[in-house]
Amino acid sequence: MKYSLAIFDMDGTILNTLDDMTDSLNVILEKYGFPLHTVEEVRFMVGNGIPKLIERALPDGKNTADYDKILADFIAYYEEHCAIKTAPYAGVVDCIKKLRAAGLKIAVNTNKVEAAAVSLCNDYFPGLFDIISGSRPGMPPKPAPDGIYEILARAQMDGKSQGQKAVFIGDSDVDMQTGMNAGLDVIGVDWGFRGKEFLRNHGADVIMITADELGTYLTA
């Protein structure tokens, strides 16, 4: 096999979290009297971490007087409401099981708060992920490669040598840049928040249309 470690993005790649993020965002925006956003608007606000999501959602961005409080309120609310409408994308669970059966290690690198990421993996992918790296104090958000470096260190792999090669899989320009910043091969997935044309325009040379196709590609 070409790879020994598959590192997945979370939002838009293994889980469709868009509805829960939009609902949580709008609860907090309404609380503070700001305009609400549609799912399609939020689709293009996510990807760079929660602080950037809140900045993009507010008319005056980080210049908003209550920005820090709004950010904290969103994090607290979303952690309690992150698994209401969220669900794995079609075929993803079977894909990951296929990779594990073939001997690959499986990891998640996400800009989602790590506690929420761990909770979601426990809920929807129990026992399927070896390593989870999420947002926490001191961890730069993607596209910084620090989360990938952490995963490689914990997996005791360099990500590039024979028998240690890793691949990063995601649905956004941020994901493609993250993988490339870490020096890894990258794979875009068409089923996520952006789609194949967007991914192709942002550096993805390999794009998978279905999770079954991804599983076959990675175990060939």
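Because the structure is predicted, anything quoted here is derived from the model rather than measured.
For residues 15-63, no pair satisfies ring pair (Phe, Tyr, Trp, His ring centres under 6.0 Å), with sequence neighbours left out. Counting only residues at least two apart or in different chains, ring pair (Phe, Tyr, Trp, His ring centres under 6.0 Å) contacts with residues 198-220 comprise F198-H202.
Side-chain polar atoms of D60 and Y67 form no donor-acceptor pair below 3.5 angstrom. Inspection of the S119 and N122 side chains reveals no N or O donor paired with an N or O acceptor under 3.5 Å.
A salt bridge is absent between D130 and R154; no separation between the charged side-chain nitrogens and carboxylate oxygens falls under 4.0 Å. Ion pair E55/K62 not flagged as a salt bridge, since none of the NZ, NE, NH1 or NH2 atoms sits closer than 4.0 Å to an Asp/Glu carboxylate oxygen.
Listed for the R56 side chain is a donor-acceptor partner under 3.5 Å among the backbone atoms of M45. T64 contributes no side-chain N or O that, together with a main-chain N or O of D66, makes up a donor-acceptor pair within less than 3.5 Å. Counting only distance, with no hydrogens or angles, the side chain of N26 and the backbone of D23 share no donor-acceptor pair below 3.5 Å. Distance alone, capped at 3.5 Å, places no donor-acceptor pair between the R200 side chain and the G195 backbone. Side chain of S24 to backbone of M21: no donor-acceptor contact under 3.5 angstrom is found.
The ring pair (Phe, Tyr, Trp, His ring centres under 6.0 Å) test applied to Y77 returns H81, not counting sequence neighbours. With sequence neighbours left out, the side-chain hydrogen bond (donor to acceptor under 3.5 Å, both in side chains) criterion links S133 to E150. Under the ring pair (Phe, Tyr, Trp, His ring centres under 6.0 Å) criterion, F125 pairs with F129, not counting sequence neighbours. Scored by the side-chain contact (heavy atoms from CB on, under 4.5 Å) test, T210 finds D212, E213 as partners (sequence neighbours excluded).
Here the options are N111, D175, T178, the test is side chain to side chain donor-acceptor pair (under 3.5 Å), and the partner is K142; only D175 passes.
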